[in-house]
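Structure, as structure tokens:
Note on naming: letters A, B, ... go to the chains in the order of the sequence lines (proteins, then strands), and numbering restarts at 1 for each one. The model shown is predicted, which means the values in this text are computed figures rather than measured ones.
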There are 2 protein chains.
Amino acid sequence: VKYLFEITNTDLLARKGIIHTAKGDIRTPCFVPVVHPEPSKNFIDVQTFQDKYLVDFIITSSYILRKRFENKITNLHDLTSFPGPIMTDSGAYQSLLYGEIELTPKNVIEFQEFIGSDFGVPLDIPISINDSYAEAKMKVEKTIERSRDISSLISNTNTKWVAPIQGGKFIDLVKKSAQELGHIEIFDMFAIGSVVEIMNNYMYDTLLEIILTAKQYLDPKKPVHLFGAGHPSIFPFIVAAGCDSFDSAAYALYAQENRYLTNTQTFLLDELDEFPCNCPICSTISPTEMKGLKKNERVKLLATHNLYVCQTEIMNIRRAISSGTLWNLLESRSRVHPNLRKGFNVLIKHSSLLLPNSSSTKKKGLFFVSDSDLEKPEVLLHKKRLSELKLNKRKKLIVLSILNKDITELYDLFTNLKNIMKSNDKLNRNYEFWILNDYFGIIPLEISDVYPLSQSVSVTTLPENQLMNIIHSTLDFITKLKFKEIIFLGELAEFLTILQNQSFFTFDKEKIKAYNFSVSQKNFDKIKFILNSVF
Amino acid sequence: VKYLFEITNTDLLARKGIIHTAKGDIRTPCFVPVVHPEPSKNFIDVQTFQDKYLVDFIITSSYILRKRFENKITNLHDLTSFPGPIMTDSGAYQSLLYGEIELTPKNVIEFQEFIGSDFGVPLDIPISINDSYAEAKMKVEKTIERSRDISSLISNTNTKWVAPIQGGKFIDLVKKSAQELGHIEIFDMFAIGSVVEIMNNYMYDTLLEIILTAKQYLDPKKPVHLFGAGHPSIFPFIVAAGCDSFDSAAYALYAQENRYLTNTQTFLLDELDEFPCNCPICSTISPTEMKGLKKNERVKLLATHNLYVCQTEIMNIRRAISSGTLWNLLESRSRVHPNLRKGFNVLIKHSSLLLPNSSSTKKKGLFFVSDSDLEKPEVLLHKKRLSELKLNKRKKLIVLSILNKDITELYDLFTNLKNIMKSNDKLNRNYEFWILNDYFGIIPLEISDVYPLSQSVSVTTLPENQLMNIIHSTLDFITKLKFKEIIFLGELAEFLTILQNQSFFTFDKEKIKAYNFSVSQKNFDKIKFILNSVF
């Protein structure tokens, strides 16, 4: 099997697809459980990973392998009893921590090849959150240098190599690292490192800055891994920022501390009187029964539940990517905890980076539920299109404002308006027709059947100042296009205030007509009546 | 066993507890599956409901029972093979639809007693969404009259009676219905009806208005049921509004149309390439395999999955009530679909109604993630407390503004400030100390250890106009309290603009000192330095 990253769906920077490897397919985005190389040290039988838990890809520690099994093992897959693709880290972090003297770039690569690792990492130098800029820079440069030099050290082509992207909280170092390593042919994958302490401190804003920064410089044909992803509540965000796989030991570590995961929260077993879950563990045992078990058995069941939660969240995320609803998932999940919201705020701020991959036609209608949705890629795309259109082919303008109005069926409204215009030829020949909407701003009736303009459902959520911004920029825009006549229709209270007071709108007042009334599904006739009275 | 509704936890208007009945306990909030009285017509074996799916309570149709089994059956529990408590509806809706001539208030009650229903409903007259006000009023009045009259018709004390609260979209009729029936002794439960069409039209705002309105007039010691709750995505909202139980046939109806539920969405089986779920069904079969099954078998598995989803959502909701985090769950879930948000907006608007039941001390810290959180019961409670405090015992004031600032550890800040004040006796004797925060507004340092002031974690989300509102009302408040001197500290940009321009703040400018700087965990020393320089 040729190594190939086949991408089937994209949404934001997330990619649903398959990494084809000689040892089997890895469905992305992929949760990669951290596994102890010694089977007996794992709480869950690794042999059952593929069939029972749909695990495609695992990661294990080179440091432990070297310490315990050097000169003893030759095959990682036999040892771990996992036949699928396995990643090994370089072991650098633990070596630094516990001291390992004879570690060289050469023996790190040889060892990973020797044991048959499918994805290996050159000897990187992890950055601590407490490192100074100078220290971090030195480490990044050293890691880049070593990574570049691996070609001469590689002998076995069965091991694919993963470029370690470092930099920690220093965003410009992340950029440098990604720039230097992002297009080196020898690497088949990238892995963003040095984020564990950042995550342990809930610095999700920094985490997402790091991922977004790195992503911009990495060859988009290759998968991007994240080392140490922690709690499943962060999974949708790191996927949206562009991570295709990420490992985590949380499912096992939390279990050892009697911690029970959900996709958004963590509970101590003692806090629970029922399990809010229907996984095969939770649907056969009660919290009281679980508390009564011996520690080993309890930890095993908790770890199994936690693993199910991680995998289910992954499928949920993959589903959202297929449906093109990942932004909505983030919007919802980011309201669970302030730190998740801080993370999402980074994606909102940089939403233009999320634009290129978001498919412009989706299977599902578009939902607007928050003022943050003004930054949705679909909205940015509409505004970009708008700037490329000639909006004053006709010299007169009708603007129907439905601002701050819950009109759920835009399609019906547009169809009715098109019929009104079609039935009156003079109107149709002389007037541009715009609808003014909370989220899209100006919608020219002519392009109203372009996705997603008529497939959106919204609830009014915009604060007053944002509505005013829309009105101001619309008036500004109208002024520039030099229309000879304008008819305003609909929800005009704020419009009229501005029109009366604002001197910047230097439009001859006699050429403006305004009909202020509440638009609803039921009074399309009123619009028709007003417009037909014009001609 | 005495009939008793035992409430163990409350949050918003939700109540976690147990309805003790002669046939067994009903854990609330409770999802009540709609069951066909003929066992063979159900997709899931009702005999397995209690053990496998933790179902405590079911409902079935009097209309079908009368049509098919009249004069044949004597025991509902034997027929359905469900030993736990069973509710029957009056059958009025289907009688109206299909015509049933000899239906009288008397035989409806006798029949339900005869078959051994545990919870029966008097002959109500359902209201259609298309009914005029006059029609609806007539139906409500008739239902009230019949319900009042049941005492004389009841003979068997084993059947508990449920008062049908009607009114549909006419809120004042709902109020009338609840007022008239809300305190009649003979009823052991209430049930809000005539909402199915409202839900089918996604009018979740109207639905929640109905429930909130009814709740205010119903005896709080008795459980409130909702007839026909539909999709699980609405469950958290109706629970928060005060429904203790609700039936739904969606798990089975959706399955017949190949619809696969999640707690927030619905998918057609054809749309799915993996199941985003780990229930015992989804963890043993793939979508492709399920599509290949015969219709009967497929519907059975889908219905089983759908039932698991409903029950898991209930446990999730019960968990949120125990933790006091139900508002957060609503905030998150309401961002999934505009119609859910419209529903939540009703609860936000009426949040003062949610206040009395919300416990004032919770196990978890309080999260602020949205500007809607300004209406959280905890915030309203704080403002209420504030209005009852004497805030100008000392004649001078220090205001530290941390507006629009992500300070996650308020506890640390408060502790540091208290130490600063304690270490300077003159300061302590002469100055009130307030901290100004996005969500709580004014926090007097003296009460800062009251829950949840120091246990909150927030992300700045407030739009500018709301921040300005806080500043304006604070200055207003300060003016009224007639302080002799004020020291402003911290994030003062907006403050200073207002202070300089606003004439309403008629405070001698010489008595104001302002130190504008960015507050962070790291510069408490700066605050100390400034304050000590005062004395």
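Open room surrounds NZ on A:K52; 12 or fewer heavy atoms of other groups in view lie less than 6.0 Å from it. Within 6.0 Å of atom CD in A:E289, more than 12 heavy atoms from other residues, nucleotides or ligands are found, so the atom counts as buried in its surroundings. Remark: B:Y439 OH is packed, more than 12 non-hydrogen atoms of other residues, nucleotides or ligands lying under 6.0 Å away.
Closest approach of B:P338 to A:F368, counting heavy atoms only: CG-O, 3.7 Å.
Top candidate by heavy-atom pairs under 4.5 Å with chain B, chosen from A:V309, A:N278, A:V369, A:V459, is A:N278. Between chain B and the residues A:T264, A:V336, A:I317, the largest count of heavy-atom pairs under 4.5 Å involves A:V336.
Atom OG of A:S283 is separated from atom CD of B:Q311 by 12.0 Å, given to the nearest 0.5 angstrom. Considering CG of B:N345 and OG1 of A:T460, their distance stands at 7.0 Å, rounded to 0.5 Å. In this structure, the separation between CE on A:M315 and CD on B:E274 is 5.0 Å, given to the nearest 0.5 Å. In this structure, OG on A:S323 lies 6.5 Å from CD on B:Q265, to the nearest 0.5 angstrom. Atom-to-atom distance recorded for A:R341:CZ and B:E331:CD is 8.5 Å, nearest 0.5 angstrom. Distance CD/B:E464 to CD/A:E464: 11.5 Å, rounded to 0.5 Å.
Interface remark: B:D373 contributes no atoms to any contact with chain A (heavy atom separation under 4.5 Å). Proximity to chain A (any heavy atom under 4.5 Å) is shown, for B:S370, by both the backbone and the side chain. Only the backbone of A:F275 comes within less than 4.5 Å of a heavy atom in chain B; its side chain stays farther off. A:P280 touches chain B through backbone and side chain together, each having a heavy atom under 4.5 Å away. Using a 4.5 Å cut-off between heavy atoms, B:F267 touches chain A through its side chain atoms alone. Proximity to chain B is absent for every atom of A:D51, based on heavy atoms less than 4.5 angstrom apart. With a threshold of 4.5 angstrom between heavy atoms, A:L272 approaches chain B through its backbone and through its side chain. Of the two parts of B:Y308, the backbone and the side chain both hold a non-hydrogen atom closer than 4.5 Å to a non-hydrogen atom of chain A.
No donor-acceptor distance shorter than 3.5 angstrom exists from the side chain of A:S332 to the backbone of B:R335, with no hydrogens or angles considered.
Taking the charged nitrogens against the carboxylate oxygens, B:D273 and A:K16 do have a contact shorter than 4.0 Å, which makes a salt bridge.
For the pair A:M468/B:N465, no side-chain contact is recorded, criterion being any heavy-atom separation below 4.5 Å from C-beta on.
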